[in-house]
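Below is one structure; the comments refer to it alone.
All figures in this text were calculated on a predicted structure; none of them were measured in a lab. Just so we're on the same page: letters track the sequence lines, and every chain starts at 1.
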2 protein chains.
Amino acid sequence: MAGTDTKERILDTAERLFAAHGFAGTSLRAVTKDAGVNLAAVHYHFGTKEDLLRAVLSRIVIPVNRERLQMLEQVEAAAGSAPPSLEGILEAFIAPDLRLIRDLGERGVIITRFLGRSYTEPAEMVQALSREHYEELGQRFMEAFARALPEVPQAEVYWRFKLVVGVLTYILADTGPTMGGYAEDLSDVDGTLRRLVAFLAAGLRAPVPAPQWQDRAGEGRSP
Amino acid sequence: MAGTDTKERILDTAERLFAAHGFAGTSLRAVTKDAGVNLAAVHYHFGTKEDLLRAVLSRIVIPVNRERLQMLEQVEAAAGSAPPSLEGILEAFIAPDLRLIRDLGERGVIITRFLGRSYTEPAEMVQALSREHYEELGQRFMEAFARALPEVPQAEVYWRFKLVVGVLTYILADTGPTMGGYAEDLSDVDGTLRRLVAFLAAGLRAPVPAPQWQDRAGEGRSP
DNA sequence: GTCTATAACGGGATAGAC
DNA sequence: GTCTATCCCGTTATAGAC
């Protein structure tokens, strides 16, 4: 197949096993055994186990996030000085992840699972790595969402963006038929994308519920 | 504090460490050391490490799911033969989780994090346990959602229900300020609940996008 | 019920030959 | 670059004294 040299085989195998069993649940011995390489090779090429994870994650995330930003810039450029398209921003955020599946076949499924898992992986270091890769990106997208949703308070937009991340994470990490046995075909990128965007755009645009037991006198809002 | 006998201290400590580091990332030695009990005690009281996890998970999930079903039955009874309230179903699904935080204080935060992690924990056994607890519950709720959303195709309702689970999972598992440093106060149960319901209800009710490149002759839909 | 001691094994990491 | 051999520690689990 492809990638027959040692370093690449280690990356591919680690990617697959991290996706399947998590970081703590994957031993270097399992990786080297599956990859058919020597245990010492992983230390020679990458250093520590943590360094290996860093390499695996970077190889995936960096190009995906670059594509996200490119798509976002196109959406913003198309809007000019007007508020950018909410649906466009959502597509820019979601599509690059989904496309991995279609473009990379079986490995795409593995990778998306790995990505979804990375968000919620308990290991502190994995989380630190995730933050490292997503912090500025999140800021950029949150600002775009805020511009696209002028009628929603900014704090609420930021909070709802987290819900968007949650949905995407869960969809990616999902191993198949979870509740009720209804399986999802993620390889239908266009269909999944349109249905996700429809759901999320409606949620993002929803009227913000007013605080219920908070009676601020002097604010002339009549329900 | 509370729970000074050995068995309970083990449960409390395991719950906290599983939530923080995951199942694979938590050793029994760490549990017994933190709990101030002997390593052999955990085997005496629970058996294997997997049995301990089962005990920790059951202690939390069983009463929460019971409350979910009770709330769902009330919502359905209130609706009579009419479609049940979508917002009511969402509250029945979400509120019991959120209430844990308010009612149990610091331990509530730990528990919800543990619950959120359980959904995406890589270990096959954890997933099997989760399925075991949520399979019938998911079926019941999916049917309720389908009745509340007669204008949405059933397959789409089922798929969107998974997105609801994803949002809840992510909110629960979230360790704090993730993207952009915007922290959420989950202890405000009523506020969080109303804002979650507003977002999710809008998403669930969103018009279903029609397949784009699918030209079914004989269907009189003019765009 | 609770402890010590230990079995039996797997973990990450490294030195040094080739 | 790749291998063997090994260090050293942590892991789950159990046996048996108290």
Just how far, in rounded Å, is [atom2] of [N] from [atom1] of [X]?
X       : N      : atom1 : atom2 : answer
A:Ile10 : D:dC3  : CD1   : C1'   : 13 Å
A:Leu39 : D:dT6  : CG    : C1'   : 12 Å
A:Lys7  : D:dT2  : NZ    : C1'   : 15 Å
B:Lys33 : C:dT4  : NZ    : C1'   : 18 Å
A:Phe46 : D:dG1  : CZ    : C1'   : 13 Å
A:Leu17 : C:dG11 : CG    : P     : 12 Å
B:Leu28 : D:dT14 : CG    : C1'   : 13 Å
B:His43 : C:dT4  : NE2   : C1'   : 15 Å

Give me the distances for all protein-to-nucleotides 16-18 of chain D N/O pairs that come in under 3.5 Å?
none

> Looking at side-chain heavy atoms only, is the closest gap between A:Phe46 and A:Leu53 below 4.5 Å?
Replying inline: no
> Heavy-atom distance under 4.5 Å between the side chains of A:Leu204 and A:Val152, does that happen here?
Replying inline: no
>> Looking at B:Ser27, I'd like to know whether one of its side-chain N or O atoms comes within less than 4.0 Å of OP1 or OP2 on D:dT11.
In response: yes
Residue [X], side-chain heavy atoms: nucleotide from [options] that is nearest:
X       : options               : result
B:Asn38 : D:dC3, C:dG11, C:dT4  : C:dT4
A:Tyr44 : D:dT2, C:dG1, C:dG11  : D:dT2
A:His45 : D:dA13, C:dA13, D:dT2 : D:dT2

> Is a salt bridge present between A:Glu8 and A:Arg59, judged by a nitrogen-to-oxygen distance below 4.0 Å?
Replying inline: no
Considering all heavy atoms of both residues, which atom of [X] and which atom of [Y] are nearest to each other, and what is their separation?
X        : Y        : answer
A:Leu11  : A:Ala55  : CD2-CB, 3.9 Å
A:Ala198 : B:Ala206 : O-CB, 3.5 Å
B:Gly116 : B:Thr169 : O-CG2, 3.4 Å

>> Given the structure, check if the side chain of A:Arg29 and the base of C:dG11 hold any donor-acceptor pair shorter than 3.5 Å.
In response: yes
>> Tell me whether A:Arg68 forms a cation-pi arrangement with A:Phe141, defined as NZ or CZ under 6.0 Å from the six-membered ring centre and within 45 degrees of its axis.
In response: no
> If each of A:Glu50 and B:Thr6 is mapped to the nucleotide of DNA chain C with the nearest heavy atom, which maps nearer the 5' terminus, i.e. the 5' end?
Replying inline: B:Thr6
